2 protein chains.
Amino acid sequence: MRLTAKGRYAVTAMLDLAVHDGEGPTSLADISERQGISLSYLEQLFAKLRRSHLVKSVRGPGGGYQLTRAASSIYVAQIVDSVDEIVDATRCAGRANCNHGETCLTHELWSDLSSQIHQFLSDIDLASIIAKREVRERAARQHMKRDDLIRMPAEEVEA
Amino acid sequence: MRLTAKGRYAVTAMLDLAVHDGEGPTSLADISERQGISLSYLEQLFAKLRRSHLVKSVRGPGGGYQLTRAASSIYVAQIVDSVDEIVDATRCAGRANCNHGETCLTHELWSDLSSQIHQFLSDIDLASIIAKREVRERAARQHMKRDDLIRMPAEEVEA
DNA sequence: CAATAACCAATCTAATTAGTCGGATATTAC
DNA sequence: GTAATATCCGACTAATTAGATTGGTTATTG
């Protein structure tokens, strides 16, 4: 598992798509505009996302991309995996003395950790990222109400 | 949080150090040999690890590096942070229309996720990675005992 | 003093990342 | 049917990062 800018762009774009889910197709031009990612780069990312069946496309005017399934069924690990293709990680495959020697121990430790990280990201779906934020915002508003409502100008309290 | 080959090398090297902890200083030449990472690249990584006070060095013959504290007090996130310096992630800082517009929502969603990942890696220490493996190995041996002990030569069962 | 090994900096190359360009194809609206 | 939209596609380029190389200096040990 690796987590680079490429994966970040992909997750960001998919979150944008999830936020606008149910409003019809979202064009890459819109995502490009909103997220500050170049259109052609998005095209490359979405080619991979489409091949991984995470999004489907609608061509022509008014077209764009849509999630293939509910945001609650799309997991971060799937997104990262589809754009950030994995490298062989261990650098150990070719070396003869490495199989089950002491040398190999550390490689296995790394791959254990790596799969833990992967598992972690496999449990986080797009909908829950969005939901978590809504909960936090509600909590913040409640907190603000209790503590600062009286002292603060009304327009700063209301959201 | 990003997780690249650089961070992987650093974690691998630190795991190697942790495995050999208590045997006196471990030289970079040894790690280089065992893990297949070039000596000069290790030097660059360990310069950063030392600046982050994760390792201390002993110069001269028989010298090398040692963990500054118990492996159970060194966390993966600390290692990754010290070598894989963070970029500004959002690409939103400079854009005027982004602050609290709809555009910024997705950026915040990403940064929420990013801090979740960071938190996750902040909870995993080197000792537990090693321990987890030992537990798994013991379990594998137990399983083997129950199923195959009678049929297998003794020297392959005992470790 | 000779060997070892950390320390340091600059430089180079290879690989990857990020973004560009010029199209082709499908779809819609007029 | 044609003009506009927007996906699709491949090749190309610029910039950054990864990793290697070189050529040392300094500290420690025997």
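The structure presented is a predicted model; accordingly, all values stated were derived computationally and were not measured. Each chain gets a letter, A, B and so on, in the order the sequences are listed, and its residues count up from 1.
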(message) Going by salt bridge (charged side-chain N to carboxylate O under 4.0 Å, His left out), name the residues that satisfy it together with R69(B), two or more places apart in sequence or in a different chain.
(response) none

(request) Rounded to the nearest angstrom, tell me the gap between atom CD1 in I37(B) and atom P in dA18(D). (result) 14 Å

(message) Does the protein touch nucleotides 24-30 of chain D at the base, only the backbone, or not at all? Give it as B, S and - per nucleotide, heavy atoms under 4.0 Å.
(response) --BBBB-

Residues 47-66 of chain A, side-chain donor-acceptor partners within the protein, below 3.5 Å, at least two apart:
| from | atom 1 | to | atom 2 | distance (Å) |
| --- | --- | --- | --- | --- |
| K48(A) | NZ | E85(A) | OE1 | 3.3 |
| S52(A) | OG | K48(A) | O | 3.1 |

(request) Verify the contact: side-chain N or O of S38(B) to OP1 or OP2 of dA20(D), cut-off strictly under 4.0 Å; return yes or no. (result) yes

(message) Check the phosphate of dC7(C) against S57(B), side-chain N and O only, distance under 4.0 Å to OP1 or OP2. Yes or no?
(response) yes

(message) Among residues at least two apart in sequence or on other chains, which ones pass side-chain hydrogen bond (donor to acceptor under 3.5 Å, both in side chains) with S82(A)?
(response) none

(message) Under 4.0 Å, counting only non-hydrogen atoms across every strand here, what does L39(A) touch: a base, just sugar-phosphate, or nothing?
(response) nothing

(message) If the cut-off is 4.0 Å, is R8(B) near the phosphate of dA18(D), judged by side-chain N/O to OP1 or OP2?
(response) no

(message) Could you tell me how far apart L45(B) (CG) and dC8(C) (P) are, to the nearest whole angstrom?
(response) 15 Å

(request) Counting heavy atoms from C-beta on, name the nucleotide in dA18(D), dT7(D), dA18(C) closest to the side chain of R2(B). (result) dA18(D)

(message) I need the NZ-C1' distance between K48(B) and dT17(D), as an integer number of Å.
(response) 11 Å

(request) Could you verify whether a donor N or O on one side chain and an acceptor N or O on the other, from D81(A) and H118(A), lie under 3.5 Å apart? (result) yes

(request) Whole angstrom is fine here: how far is it from CG in L28(B) over to C1' in dA20(D)? (result) 15 Å

(request) To the nearest Å, give me how far apart CZ (R50(A)) and C1' (dT7(D)) are. (result) 8 Å

(message) What's A29(B) touching, base or sugar-phosphate or nothing? Going by heavy atoms closer than 4.0 Å.
(response) nothing

(request) Not counting sequence neighbours, list each pair that qualifies as a salt bridge (Lys or Arg N to Asp or Glu O under 4.0 Å) and has a residue in residues 118-132 of chain A. (result) none

(request) Assign each of T4(A) and G62(B) to its nearest nucleotide of DNA chain C by heavy atoms, then name whichever residue's nucleotide is nearer the 5' end. (result) G62(B)

(request) For dG19(D), take OP1 and OP2 only and decide whether either is under 4.0 Å from a side-chain N or O of Y41(B). (result) yes

(message) Rounded to whole Å, please give me the gap between CD in Q44(A) and C1' in dC21(C).
(response) 12 Å

(request) Measure the distance from CG on D30(A) to C1' on dT5(D) and round it to the nearest whole Å. (result) 12 Å

(request) Under the side-chain hydrogen bond (donor to acceptor under 3.5 Å, both in side chains) rule, collect the residues that match up with D21(A), sequence neighbours excluded. (result) none

(request) Measure the distance from CD on Q35(B) to P on dG19(D) and round it to the nearest whole Å. (result) 14 Å

(message) Using a heavy-atom cut-off of 4.0 Å across all strands, would you classify Y65(A) as base, sugar-phosphate, or nothing?
(response) sugar-phosphate

(request) Using a 4.5 Å cut-off on heavy atoms from C-beta on, say whether the side chain of I129(A) contacts that of W110(B). (result) no

